[in-house]
Amino acid sequence: MTAITPLTRYFSTAARQLQILASSIRKPESAQQIPLLTEDLYNQILDKYPDLKTLKKLHSKIFIDQYLHSNPSIGIKLMRAYAACGETRVTRHIFDEITDKNVVFFNVMIRSYVNNHLFQDALLVYKSMSSHGFDPDHYTYPCVLKACSGSENLWVGLQIHAAVIRVGLDLNLFNGNGLVAMYGKCGCLVEARQVLDEMPSRDVVSWNSMVAGYAKNGRFDDALEVCRDMELLRLKPNAGTMASLLPAVTNTSSDNVSYVKEMFTKLAKKNLVSWNVMIAVYVNNSMPVEAVNLFSQMEACGIDPDAVTIASVLPACGDLSALLLGKRIHEYVDRKKLRPNLLLENAMVYMYAKCGCLKDARDVFDEMQFRDVVSWTSMISAYGMNGQGRDAVALFSKMQDSGLIPDSIAFVSILSACSHAGLLDEGRYYFKSMKGEYMIVPRIEHFACMVDLLGRAGRVDEAYSFIKQMPMEPNERVWGALLSACRVHSNMTIGLLAADHIFQLEPEQSGYYVLLSNIYAKASRWEDVATVRSIMKSRGIKKMPGISNVELDDGVHTFLAGDQSHPQSKEIYEELDVLVAKMKEAGYVPETDSALHDVEDEDKEFHLAVHKAMMWHCYLVSGMVAEVFAIHC
DNA sequence: CTAGGGTTAG
């Protein structure tokens with residue numbers, strides 16, 4: 001390289017050559033006209049991680065072969081770029097072609113395998129190093145430790161730890177971090193902590209690895225405590241801390257969610273991952289409104305959502321029936337060419353299913369190149385939750401024909417599809433085949449589905465006998481399914497039995513208490529009614545009012561039954577009176593004939609009806625007929 | 001060449 005070449009001229013030449021290259025890519029027939037590229041230019045292009053097409057064109061230039069042997073960095077970058085495209089076979093081919101390797105080639109090869117989750121191959125390359133006369137270095141060990149973490153291979157992990165100590169690298173920051181992560185992932189939290197404590201110096205990654213270890217192994221309080229310890233040491237948690245913490249903050253307390261939210265707010269630099277994690281935290285804590293609104297905020301900040309963002313936020317759209325947003329995201333996915341992506345497509349099927357758009361769900365499902373059990377399960381439950389039990393059954397058979405083995409959750413979805421559609425025999429058949437053919441031990445969810453199936457079909461006595469022969473203690477869901485069946489089929493005797501069991505179990509959910517209070521009132525067991533109320537009061541369980549979400553242009557709005565907080569509340573309710581009159585005119589009769597119906601406050605039922613009417617009105621006015629069927633209360 | 005994030009039921 002000539003030292004006097006002005007930098008600007010150098011770059012403009014490079015830019016021009018890049019342009020020529022780019023134009024030749026657009027016109028494949030002129031590929032032969034690619035000009036000679038300098039080594040530096042190859043380096044520059046490869047550093048930008050080109051897509052596979054560009055990469056192959058570059059690679060096919062004969063000149064690269066001479067560079068491959070004269071300039072090791074070209075070979076390394078080419079390997080790296082192929083690995084980034086998931087082409088580990090090509091990476092390996094280049095690796096094998098290089099005759100005079102150095103240790104970096106081995107490191108890059110190992111890392112390529114690790115990044116593509118081929119942990120076994122990574123470890124094989126590592127083990128082959130000595131026979132080629134190379135010693136692993138301080139770059140090799142973190143990579144192979146990651147291979148152990150990824151495959152939870154404690155056995156090799158321990159051997160590597162021994163090797164790391166032998167060569168005196170155990171005090172190295174990166175190796176220490178790798179060891180903490182490896183032990184953490186393998187469930188050896190004491191060892192992870194010990195390595196961490198003995199490290200002469202630690203960085204954020206060290207602490208994050210420890211957080212991840214605790215979080216992955218269910219030690220949620222410990223994970224949070226490590227975060228607090230970090231802050232006490234004046235180390236600022238970052239996006240990685242949030243990501244590591246994620247498993248610990250699913251279905252967690254609102255305090256913990258606030259803690260993460262605060263961590264997010266205080267981040268010095270928010271990146272894509274931090275937004276994604278915060279959205280995932282909301283989604284995993286049943287806070288879809290917050291998730292969707294944060295997603296909008298993210299877009300407003302000009303951050304491009306990636307496939308992970310989309311896969312996280314789509315279920316929230318589904319839970320809110322936010323179809324407009326869901327469709328907009330669908331367009332974004334197509335524009336950004338984010339498909340095929342299994343997790344994202346699965347989430348999209350779920351979103352459309354929850355929005356009541358069976359056809360759209362099915363279209364996405366049919367367009368998928370690869371489908372796993374989750375994909376099929378999503379589509380099966382799509383039919384199930386929309387009452388199309390027969391279609392669910394047909395699809396379940398198709399899944400079996402395709403050679404996939406249904407898992408425990410797949411059976412929950414088909415059982416619930418059968419119960420909602422009254423397919424008694426089919427449900428019984430699947431329950432049997434789950435145990436007999438697939439050796440899946442039924443869990444309490446499956447028993448709850450069966451009770452629901454029998455109960456809805458009117459076999460209340462049978463459902464009760466079924467509960468009595470369960471191998472485990474029935475929970476409130478099982479009894480709740482029975483109680484609902486009794487309510488529908490007016491079976492007071494068994495209903496009271498079910499109620500007494502729920503009463504004893506003191507569930508967290510308010511819905512059960514409402515059912516309890518109703519049946520006790522019906523049976524004139526007023527002292528029990530009073531006890532139910534006092535339990536609810538003492539445990540701070542509030543009756544959940546009917547909630548609906550309406551998606552307007554500027555976000556998701558939550559409405560409560562009887563809500564008067566809206567500034568135009570008066571006008572809305574006046575409009576509703578008109579609507580309700582129309583509904584009654586059209587033959588609407590509020591549900592009051594059930595033997596176990598809530599006798600206490602019927603105007604609440606009215607509110608609910610009014611509330612639904614309001615939603616229907618909103619959707620019908622905007623021509624969104626499908627949404628009318630997707631209203632959740 | 002060095003960590004970390006996503007999907008399915010009720």
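The sequence lines fix the lettering, A, B, ..., with proteins before strands; numbering per chain opens at 1.
A donor-acceptor contact under 3.5 angstrom links the side-chain atoms of A/N341 to the base of B/dG6. Counting distance only, with no hydrogens placed and no angle test, the side-chain atoms of A/N177 and the base atoms of B/dA3 include no donor-acceptor pair under 3.5 Å. Within 3.5 Å, a donor on the side chain of A/Y139 pairs with an acceptor on the base of B/dT2, or the reverse.
With A/Y383 as the partner, the side chain to side chain donor-acceptor pair (under 3.5 Å) test is satisfied by one option alone out of A/Q388, A/R390, A/R362: A/R362.
Residue A/L246 is in sugar-phosphate contact alone, with no base atom involved, counting any heavy-atom pair closer than 4.0 Å across all strands shown. Within 4.0 Å of A/N238, counting heavy atoms only, lies at least one base atom of the nucleic acid. Contact annotation for A/S209: no contact, since no heavy-atom pair falls under 4.0 Å across all strands. Using a 4.0 Å heavy-atom distance criterion, A/A239 is classed as a base contact. Backbone-only engagement by A/K185 is indicated by non-hydrogen atom pairs under 4.0 Å involving sugar-phosphate atoms exclusively. Nucleic acid contact class of A/N175 (heavy atoms, under 4.0 Å, all strands): none. Residue-level contact check: A/A307 touches the bases, meaning some heavy atom is under 4.0 Å from a base atom.
The distance between atom CD1 of A/I160 and atom P of B/dT2, rounded to the nearest whole Å, is 18 Å. Rounded to an integer number of Å, the gap from A/M182 CE to B/dA3 C1' is 15 Å. When the C1' atom of B/dA3 is taken as reference, atom NZ of A/K269 falls 16 Å away, rounded to whole Å. Rounded to a whole Å, the CG atom of A/L482 is 19 Å from the P atom of B/dG10. Taking atom CG on A/L145 and atom C1' on B/dG4, their separation rounds to 17 Å, with Å as the unit. In this structure, CG of A/N346 is placed 11 Å from P of B/dA9, rounded to the nearest angstrom. Atom CZ of A/F174 and atom C1' of B/dT2 are 5 Å apart (whole Å). Between the OH atom of A/Y350 and the C1' atom of B/dA9 there is a distance of 9 Å, given to the nearest Å.
Of the side-chain N and O atoms in A/S416, one or more sit less than 4.0 angstrom from OP1 or OP2 of B/dG10. Look at A/R111 and you'll find a side-chain N or O under 4.0 angstrom from OP1 or OP2 of B/dA3. Between A/K146 and B/dA3, a side-chain N or O to OP1/OP2 separation shorter than 4.0 Å is present.
Here the nucleotide nearest the side chain of A/R477, chosen from B/dG10, B/dG6, B/dA9, is B/dG10. Checking B/dG4, B/dT2, B/dT8 against the side-chain heavy atoms of A/H138 singles out B/dT2 as nearest. Residue A/M385 places its side chain closer to B/dA9 than to any other of B/dA9, B/dA3, B/dG6. The side chain of A/V308 has B/dG6 as its nearest neighbour among B/dG6, B/dG4, B/dG10.
In this structure, OG1 in A/T377 is found 5.5 Å from CG in A/D407, a value given to the nearest 0.5 Å.
Side-chain N or O atoms of A/N116 include one that pairs as donor or acceptor with a backbone N or O of A/A83 at under 3.5 Å.
Aromatic rings of A/Y332 and A/H330 (six-membered ring for Trp) have centroids beyond the 6.0 Å cut-off, not under it. Between A/Y139 and A/F174, the distance from one ring center to the other does not fall under 6.0 angstrom.
Salt bridge annotation for A/K216-A/E152: absent, with no cationic side-chain nitrogen under 4.0 angstrom from a carboxylate oxygen.
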